[in-house]
Chemist: 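Take this structure first; my questions come after.
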Amino acid sequence: MLWTYAKAIVFSVSFRRIGNLIILLISYFLSIMFRKPLLWGSPWSLSIEPINVCNLKCPECPTGMGILKRPKGMLTVEHFEQCLNSLPRSLWHVNLYFQGEPIMHPDFFTLVQKTKQRKLLTSTSTNAHYLSYEQALKVVKSGLDTLIVSFDGVTQKVYEQYRVGGDIQKVFEGVKNLVKAKRELGQSTPVVVAQFLVFHHNEHQIEDFKNIAFDLGVDKLELKTAQVYDVKNKYHILPEQSKFSRYSLQKDGTVELKGSIKNKCWKHWSSAVITWDGEVVPCCFDKDGEHALGNVFQTTFNEIWQHSNYYKFRKQVLQNKEKINICLNCPIGRA
């Protein structure tokens, strides 16, 4: 697996991309030091949303809960090409996912191919319900580098408590199809990452998950803490093992994210998210696009990235991050 990652990185590496990452890091650390936004590069990574519709009803997902405020829709191939043409040449990685189930997009594999034509590292995340063998062949042939598959349980009774409307057997079959397609096509990509969101109801299946996932032929396992909305009223759904929870119970009975808010965040120097309708939002915690900073179908990405509105947002991150609503349920940058 490490060799597979290494090959993908070598294929995509360039002096432009390495140089950009270096000056991004320098400007970020100087920004923290002086509490003033300095930005000497372009993002090294972007998430682009193909579609914000999903087949499942996961209870801690805005799409699944039906509370997403943005309109439903999907990115056209023409708009995707326009978006790619707007992006800086120093961009290194694209994650074709934000909200929704990306493989529901009828032209998803075309989007991947167009991304790979630019030698960009490309990843996505799926619930694996649309991975027939024919679809799995398309995944492998598209050139996708990494595919994250959500498990979140290994029996139907446990799985469907979070993946409402889902079928764990479809997940197992989807992974088997991927592994078979990779083998028959003689390809090592995509790297298949089995992901497990840990809750109280499924933490007893962690070891079974590890065994089953490796037996299915995945390349990597990932145990992930869950974001919970209105967590003060849902403490009972958090795992008993503290290491698998973003939250902790305080002495006064309140529930809070672990650690304290720090006035810094690498994400706002290194990456951004583009929604299906072209809005640029600062990060994946802005599910509703409340902090939209511009639209790539109306102006270039670089103009948005360097605009005074983005400067003001980064300044608030450095000076008063606790006043940014999307940061209040985010574990990144806390200690």
Side-chain angles (χ1 to χ4, degrees), residues 12 42-56 58 61-64 66-89 91-131 135 138-150 190 267 271-305 307 310 326:
S12 64
S42 302
W44 83 273
S45 177
L46 285 175
S47 290
I48 303 177
E49 180 180 63
I51 188 170
N52 66 348
V53 176
C54 188
N55 56 310
L56 302 185
C58 304
C61 169
T63 303
I67 63 172
L68 196 68
K69 297 175 183 176
R70 294 186 287 116
K72 294 180 180 180
M74 63 182 179
L75 184 65
T76 66
V77 174
E78 292 73 23
H79 271 152
F80 184 65
E81 289 180 322
Q82 181 181 343
C83 177
L84 286 179
N85 290 334
S86 173
L87 300 179
R89 293 174 62 189
L91 186 69
W92 202 334
H93 169 256
V94 168
N95 178 32
L96 288 172
Y97 171 75
F98 181 28
Q99 294 294 285
E101 168 51 49
I103 300 182
M104 287 180 69
H105 192 296
D107 296 308
F108 177 74
F109 303 108
T110 300
L111 304 186
V112 176
Q113 289 166 353
K114 289 186 176 298
T115 309
K116 291 304 299 177
Q117 287 170 3
R118 298 174 184 248
K119 296 185 178 181
L120 290 160
L121 292 172
T122 310
S123 60
T124 194
S125 180
T126 180
N127 59 45
H129 280 60
Y130 295 93
L131 287 177
Q135 289 286 83
K138 291 179 181 178
V139 170
V140 178
K141 290 177 180 178
S142 72
L144 187 71
D145 294 298
T146 305
L147 181 64
I148 299 171
V149 178
S150 300
K267 274 185 171 291
S271 62
V273 176
I274 302 175
T275 64
W276 71 268
D277 51 356
E279 295 293 333
V280 176
V281 299
C283 74
C284 62
F285 275 81
D286 191 5
K287 306 288 196 291
D288 287 318
E290 297 176 59
H291 299 273
L293 297 158
N295 192 293
V296 291
F297 303 149
Q298 299 169 6
T299 186
T300 67
F301 178 85
N302 191 58
E303 288 176 314
I304 298 169
W305 184 250
H307 196 274
Y310 225 141
I326 60 173

Chemist: Is the shortest side-chain heavy-atom distance between H79 and W276 below 4.5 Å?
Modeler: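 Side chain of H79 against side chain of W276, heavy atoms only: no contact under 4.5 Å found.
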
Chemist: Taking S142 for its side chain and V139 for its backbone only, find out whether a donor-acceptor pair lies under 3.5 Å.
Modeler: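 Between the backbone of V139 and the side chain of S142 there is a qualifying donor-acceptor contact (under 3.5 Å).
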
Chemist: If we only count heavy atoms from C-beta on, is the S123 to H93 side-chain gap below 4.5 Å?
Modeler: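 The answer is yes, as the side chains (C-beta and beyond) meet within the 4.5 Å cut-off.
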
Chemist: For L75, is there any backbone N or O sitting under 3.5 Å from a side-chain donor or acceptor partner on D277?
Modeler: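 A pair under 3.5 Å: no.
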
Chemist: Let's go through R118 and N85 carefully: what are the C-alpha distance in whole Å and the side-chain angles of both, what is the deciding distance for side chain to side chain contact (heavy atoms under 4.5 Å, CB included) to 0.1 Å, and is it a yes or a no?
Modeler: CA-CA 10 Å; R118 298 174 184 248; N85 290 334; 2.7 Å; yes

Chemist: Can you name the nearest heavy-atom pair linking A128 to V149, along with the distance?
Modeler: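 Looks like CB-CG1, 3.7 Å.
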
Chemist: Residues two or more places apart in sequence or in another chain: which of them pass side-chain contact (heavy atoms from CB on, under 4.5 Å) with T124?
Modeler: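 If we apply the side-chain contact (heavy atoms from CB on, under 4.5 Å) test to T124, skipping adjacent residues, the hits are L96, Y97, P102, F108, L144, L147.
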
Chemist: Assess the residue pair Q135 and F109 against the criterion (side chain to side chain contact (heavy atoms under 4.5 Å, CB included)); give the C-alpha distance rounded to whole Å, side-chain angles, the decisive distance to 0.1 Å, and a yes or no.
Modeler: CA-CA 9 Å; Q135 289 286 83; F109 303 108; 3.6 Å; yes

Chemist: Between D286 and P282 (side chain of the first, backbone of the second, donor and acceptor by atom type, cut-off under 3.5 Å), is there such a pair?
Modeler: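 Not confirmed, D286 side chain does not pair with P282 backbone.
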
Chemist: Using modelled atom types and a 3.5 Å cut-off, is there a donor and acceptor pairing between side-chain atoms of E303 and backbone atoms of T300?
Modeler: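 Answer holds: yes.
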
Chemist: When rounded to the nearest 0.5 angstrom, what is the spacing between CD1 in I103 and CD1 in I51?
Modeler: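 Here the interatomic distance stands at 11.5 Å.
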
Chemist: Counting only N and O atoms by type, is there a donor-acceptor contact under 3.5 Å from the side chain of N52 to the main-chain atoms of G73?
Modeler: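 Flag set: sc N52 to bb G73 pair under 3.5 Å.
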
Chemist: Locate the shortest heavy-atom distance separating V53 from K72; write the atom from each residue and the value.
Modeler: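 Minimum heavy-atom contact is CG2-CB, 4.1 Å.
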
Chemist: Considering residues at least two apart in sequence or located in another chain, which fulfil the side-chain hydrogen bond (donor to acceptor under 3.5 Å, both in side chains) criterion with S12?
Modeler: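 S12 satisfies side-chain hydrogen bond (donor to acceptor under 3.5 Å, both in side chains) with W92 once adjacent residues are dropped.
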
Chemist: Check each of V112, L111, L120 against V94 using the side chain to side chain contact (heavy atoms under 4.5 Å, CB included) test, and report the only one that passes.
Modeler: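 Among V112, L111, L120, the one meeting side chain to side chain contact (heavy atoms under 4.5 Å, CB included) with V94 is L120.
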
Chemist: Which atom names give the shortest non-hydrogen contact between A292 and E279, and what distance separates them?
Modeler: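 Nearest heavy atoms, A292 then E279: CB-OE1, 3.4 Å.
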
Chemist: Might you point out which heavy atoms bring L91 and P43 nearest each other, and give the distance in Å?
Modeler: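 For L91 and P43, the tightest heavy-atom pair comes out as CD1-O, 3.5 Å.
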
Chemist: With side chain to side chain contact (heavy atoms under 4.5 Å, CB included) as the criterion, how do I326 and H291 come out once you've worked through the C-alpha distance, each side chain's angles and the decisive distance to 0.1 Å?
Modeler: CA-CA 9 Å; I326 60 173; H291 299 273; 3.9 Å; yes

Chemist: Could you check if a side-chain atom of N95 sits within less than 4.5 angstrom of a side-chain atom of S45, using non-hydrogen atoms only?
Modeler: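 No, their side chains stay 4.5 Å or more apart.
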
Chemist: Once salt bridge (Lys or Arg N to Asp or Glu O under 4.0 Å) is applied, do any residues pair with K267, and if so which ones, sequence neighbours excluded?
Modeler: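 With sequence neighbours excluded, K267 shows a salt bridge (Lys or Arg N to Asp or Glu O under 4.0 Å) to no residue whatsoever.
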
Chemist: How many angstroms lie between atom OG1 of T110 and atom NZ of K138, to the nearest 0.5 angstrom?
Modeler: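 These two atoms lie 9.0 Å from each other.
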
Chemist: Would you say that S42 contacts L87 through its side chain, given a criterion of any heavy-atom pair below 4.5 Å between the two side chains?
Modeler: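 The answer is no, as the side chains (C-beta and beyond) never meet within the 4.5 Å cut-off.
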
Chemist: So among V280, I304, V281, which one has a side chain to side chain contact (heavy atoms under 4.5 Å, CB included) with I274?
Modeler: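 It is V280; the other options fail the test.
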
Chemist: Check for a donor-acceptor pair, side chain of S86 on one end and backbone N or O of F301 on the other, with a separation under 3.5 Å.
Modeler: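 Side chain of S86 to backbone of F301, a donor-acceptor pair under 3.5 Å: yes, one is there.
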
Chemist: Can you find a pair of side-chain heavy atoms, one from K114 and one from V77, that are under 4.5 Å apart?
Modeler: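 SC-SC contact between K114 and V77 confirmed.
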
Chemist: Roughly how far, to the nearest 0.5 Å, is OG of S150 from CG of L56?
Modeler: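 These two atoms lie 9.0 Å from each other.
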
Chemist: With a 4.0 Å cut-off on N to O distance, would you call E49 and R70 a salt bridge?
Modeler: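 Salt bridge: yes.
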
Chemist: May I ask you to test the K287-C61 pair for a side-chain heavy-atom distance under 4.5 Å?
Modeler: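 No - every pair of side-chain heavy atoms lies 4.5 Å or more apart.
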
Chemist: Under a 3.5 Å distance rule, please check whether E101 uses its side chain to pair with a backbone N or O of N127 as donor and acceptor.
Modeler: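 Flag set: sc E101 to bb N127 pair under 3.5 Å.
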
Chemist: Quick one: does any side-chain atom of D288 pair with a main-chain N or O of E290 as donor and acceptor, under 3.5 Å?
Modeler: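 No, the answer is negative, given that no donor and acceptor are paired below the 3.5 Å cut-off.
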
Chemist: Hey, does P50 have a side-chain heavy atom less than 4.5 Å from the side chain of F98?
Modeler: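 No, too far: nothing below the 4.5 Å cut-off.
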
Chemist: For the residue pair G100 and T63, what are the closest heavy atoms and their distance?
Modeler: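 So the minimum-distance heavy-atom pair works out to N-OG1, 4.0 Å.
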
Chemist: For a quick test of reading the model, state the closest non-hydrogen atom pair linking A272 to W305 and the distance between them.
Modeler: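 So the two residues come closest at CB-CZ3, 4.3 Å.
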
Chemist: Indicate yes or no: at least one non-hydrogen side-chain atom of K116 is less than 4.5 angstrom from one of Q113.
Modeler: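 With C-beta onward as the side chain, the pair stays apart.
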
